[in-house]
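Structure first, then comments.
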2 protein chains.
Amino acid sequence: MGLDNRKKEVLQAIVDDYVATCEPVGSKALIDRHDFMVSSATLRNDMAELERMGYLEQPHTSAGRIPSDKGYREYVNSLMKVDHLSDEEGREIKEKLGKSFDEIASLLKAASAALADQTGYISLAVTPKLTSSYLTQLKMLMIEPGKVLVVVVLSAGVVKNRMVRIPDFLTQEQVAQISNAVEQGLSGMPLSEISLITVATAAKDNQKVELPDALLNQVLYEAYTAIKQADNLDVYMDGKHRMLSLPEFSDTKRAQGLFDTLSHDGLVAGYVDEVAQQDGKKEYMIRICQEITLEGLDGCSFITTTYNVGGKVAGNIGVIGPKRMEYSKVISQINFVRMMIDEQLKQ
Amino acid sequence: MGLDNRKKEVLQAIVDDYVATCEPVGSKALIDRHDFMVSSATLRNDMAELERMGYLEQPHTSAGRIPSDKGYREYVNSLMKVDHLSDEEGREIKEKLGKSFDEIASLLKAASAALADQTGYISLAVTPKLTSSYLTQLKMLMIEPGKVLVVVVLSAGVVKNRMVRIPDFLTQEQVAQISNAVEQGLSGMPLSEISLITVATAAKDNQKVELPDALLNQVLYEAYTAIKQADNLDVYMDGKHRMLSLPEFSDTKRAQGLFDTLSHDGLVAGYVDEVAQQDGKKEYMIRICQEITLEGLDGCSFITTTYNVGGKVAGNIGVIGPKRMEYSKVISQINFVRMMIDEQLKQ
DNA sequence: GTTTAGCACTCGAGAAGGTTGAGTGCTAAA
DNA sequence: TTTAGCACTCAACCTTCTCGAGTGCTAAAC
């Protein structure tokens, strides 16, 4: 049932060659480029066998073989060698991420850019899932009468802000008092426990000014929305246009389909998260072509990994490339970037 | 020298047809689709003449004619009729922009999305140039020891924030005092007059705590940077991937060149601004193909217009499309969106 | 049993040639 | 100045042909 050693080598060689050239690989080419100690006829037999077993495919009778999804899967599971990044490459990435960032958002943006640059594929970075984090600060700054900037600071160092409208006649002092009351009542509370009710309770317990309930509730609702919104997953994506130079996307229809899907940040973030749930324990997650349950990504593969904030599992970064991707290289690149992120978010 | 009436009609008809079909227009097709009261032979003579004058081009001898850059220029300058948007279209745009926005950033983002949707081309919206506006608020919120969020509020209703690092041992009170001092000293001051020196003066005139100069200056420098950074032009772009469905970009090389250029926000913003400087007085600015002095936009045209904040000239919105663009329609769409923006930013 | 040489076969890619038809310019008459 | 008529051009398309990389199968060799 399993593959004997030579078959494994053959499959590996075919994947390597096909990844490099995007051309079906024939038995002769295989002999030329690798030093198998057997003849092409023998390889032909092996290849026919591999095809029968589902690891290879033939575009047409008189062409070479290309790996099937199953072939790629076998390759990433047991054949490829993930080795360390060359010093040179490590240095390049470090250069792009070298300076320290004061905000997760900028760090992720830079990481995404670096990853796209380095891999040549599409990179993505998703902000941490914040359900396990708690509120540390809430400030409401009156920008002008009726307009308030709500700044929400969460434990993981995430800062978000949102402009909201409130009744015109509320004074700066009143707003500040509400803001202080809510902050006092909620700071330290896990995001998951914050609801409209807890917000209201916090305000009323700590409030020193008297305001009609309806009015107060309106302001509190805005504060609540701002807090909840801080929990949204943001996605940073980069390198999309590089895909156009790949032969598999020389057909603009396909490229368009891909871009269409990718323009829905929510879909992508959701899918990344879903994958992370499924493969939670693994160092990195891989989805090959048909394994991707997200429409429009035909012919693509997906590699993601999880970075940590303050030691706890948090967000994801990853790469979307063609099925014919340099898996081992990309994995080591992603790992390296993840390590750099972890380093910066250590405490 | 000038064009007689029929020649004008012929040119107009050719542009219209070519825009619609992206196929070279022949004399017969012209007769079929428009009711010229002359024969195709006559049109042939006119077309030959128009070609001699530089308004038309012929891809090859036995093909129809397509408009040259000069032809498009003549078309937009004096032939096309810019008419009002259909009620239907106006309604669609209004729907997308209908709700009021509390922040310029979100408004522009929505405007850009609506414009891209509506035109089917690439839209862009550039934040206002803020040199003529002044600082109204500056708040420094201590997020954790050593990390401060600087919130800058400008007169045009623009709010920006930036996380900065300061020495660890500064207390919340000290930061608040510096922040208050700077705000007090600078609020109402035009951005153009704010410099490291004015920031320092403001702080020292109003400061109540004593801090070593070197330390204070470090914090002030960060505040200054945050203020200056609020002046950066941001660009919101949308609809890029739609270009892939146009026949002129079925060649992925070209699409890639375009996307490459557009990924440099700074370049685009700078160019938009440059165009606005040149054509300042006009209701809308048009650059056709070769007229665009920005590399990588071969075959594209550019239509922009200027929106106002509080009655003063401010930022720009626009559309990038193929040279073969529905100029008159796009112009009316841009105008409509501009009006909607002006409306929201009236005061 | 495994490997190999040999051979007939397959089939896409690309070149060569032919046809079609939309479009032209020119001329001569209206 | 306009028009009909006609010869001419040339990309696009189709068909046909050749080429060669690659295959599977068989029978001999190891």
Side-chain angles (χ1 to χ4, degrees), chain A residues 1-11 13-15 17-18 20-68 71 247-248 250-251, chain B residues 2-11 13-18 20-68 71 247-248 250-251:
Chain A
M1 177 67 238
L3 298 172
D4 65 41
N5 277 340
R6 198 181 55 221
K7 288 216 184 61
K8 282 184 187 168
E9 276 170 44
V10 171
L11 178 55
I14 289 177
V15 172
D17 280 14
Y18 184 68
T21 64
C22 196
E23 305 268 306
V25 183
S27 54
K28 238 182 216 155
L30 220 45
I31 292 281
D32 289 352
R33 275 196 286 250
H34 304 80
D35 26 73
F36 288 104
M37 303 310 290
V38 294
S39 77
S40 64
T42 311
L43 292 193
R44 272 205 293 285
N45 290 333
D46 286 351
M47 287 160 78
E49 181 70 12
L50 282 168
E51 186 176 355
R52 229 167 293 130
M53 298 167 83
Y55 294 104
L56 295 180
E57 286 169 355
Q58 223 174 352
H60 56 265
T61 337
S62 67
R65 303 303 209 293
I66 62 175
S68 67
E248 31 274 270
S250 62
D251 175 20
Chain B
L3 298 171
D4 64 40
N5 277 342
R6 199 182 55 221
K7 289 214 183 65
K8 281 184 186 167
E9 276 171 44
V10 171
L11 178 55
I14 289 177
V15 172
D16 283 339
D17 281 14
Y18 184 67
T21 64
C22 196
E23 305 267 306
V25 183
S27 53
K28 238 182 219 154
L30 220 46
I31 292 280
D32 289 352
R33 276 195 285 248
H34 304 81
D35 26 72
F36 288 103
M37 303 309 289
V38 294
S39 77
S40 65
T42 311
L43 292 192
R44 273 205 293 283
N45 289 332
D46 286 350
M47 286 159 79
E49 181 72 12
L50 282 168
E51 186 177 357
R52 231 169 291 132
M53 298 168 81
Y55 294 104
L56 295 178
E57 286 169 357
Q58 222 176 353
H60 56 265
T61 337
S62 68
R65 303 302 210 293
I66 62 175
S68 67
E248 31 273 269
S250 63
D251 175 20

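Numbers restart at 1 for each chain; the letters A, B, ... are given by sequence-line order, proteins then strands.
- You'll find the side chain of B/Pro24 stays beyond 4.5 Å of the side chain of B/Gln58, heavy atoms only.
- Contacts of A/Glu9 classified as salt bridge (charged side-chain N to carboxylate O under 4.0 Å, His left out), with partners at least two apart in sequence or in another chain: none.
- Here the side chains of A/Met53 and A/Leu3 are in contact, with some heavy-atom distance below 4.5 Å.
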Nucleotides 17-22 of chain D: which of its N/O atoms have a protein N/O under 3.5 Å away?
{"residue": "D/dG22", "atom": "O3'", "partner": "A/Ala63", "partner atom": "O", "Å": "3.4"}

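- Where B/Asp46 and B/His60 each meet DNA chain D at their nearest nucleotide, the meeting point lying more 5' is that of B/Asp46.
- Residues in residues 30-45 of chain A take part in these salt bridge (Lys or Arg N to Asp or Glu O under 4.0 Å) pairs, two or more places apart or across chains: A/Asp17-A/Arg33.
- Checked against salt bridge (charged side-chain N to carboxylate O under 4.0 Å, His left out), A/Glu23 has no partners two or more places apart in sequence or in another chain.
- The outermost nucleotides of DNA chain C lying under 4.0 Å from heavy atoms of chain A, listed 5' to 3', are C/dT3 to C/dG12.
- Contact between the side-chain N/O atoms of B/Arg6 and the OP1/OP2 oxygens of D/dT2 is found at a separation under 4.0 Å.
- Every residue was checked against the side-chain hydrogen bond (donor to acceptor under 3.5 Å, both in side chains) condition with B/Ser68, not counting sequence neighbours, and none meets it.
- Using a 4.5 Å heavy-atom cutoff, the side chains of B/Lys28 and B/Leu43 are not in contact.
- Rounded to whole Å, atom C1' of D/dT2 lies 8 Å from atom CG of B/Asn45.
- With sequence neighbours left out, the side-chain hydrogen bond (donor to acceptor under 3.5 Å, both in side chains) criterion links A/Lys8 to no other residue.
- The end-to-end axis angle of the helix from C/dG1-D/dC30 to C/dA30-D/dT1, rounded to 10 degrees and based on five pairs per end, is 20°.
- Under the side-chain hydrogen bond (donor to acceptor under 3.5 Å, both in side chains) criterion, A/Thr21 pairs with no residue, sequence neighbours left out.
- Of all the residues in residues 31-43 of chain A, not one reaches under 4.0 Å from DNA chain D with any non-hydrogen atom.
- Counting only heavy atoms from C-beta outward, the side chains of A/Ile14 and A/Tyr55 never approach each other to under 4.5 Å.
- Residues A/Ala63 and A/Pro59 share a closest heavy-atom pair of CB-CD, 4.3 Å.
- Taking A/Glu49 as the reference, A/Arg52 meet the salt bridge (charged side-chain N to carboxylate O under 4.0 Å, His left out) condition, with sequence neighbours excluded.
- By the salt bridge (charged side-chain N to carboxylate O under 4.0 Å, His left out) test, B/Glu57 pairs with no residue at all, sequence neighbours left out.
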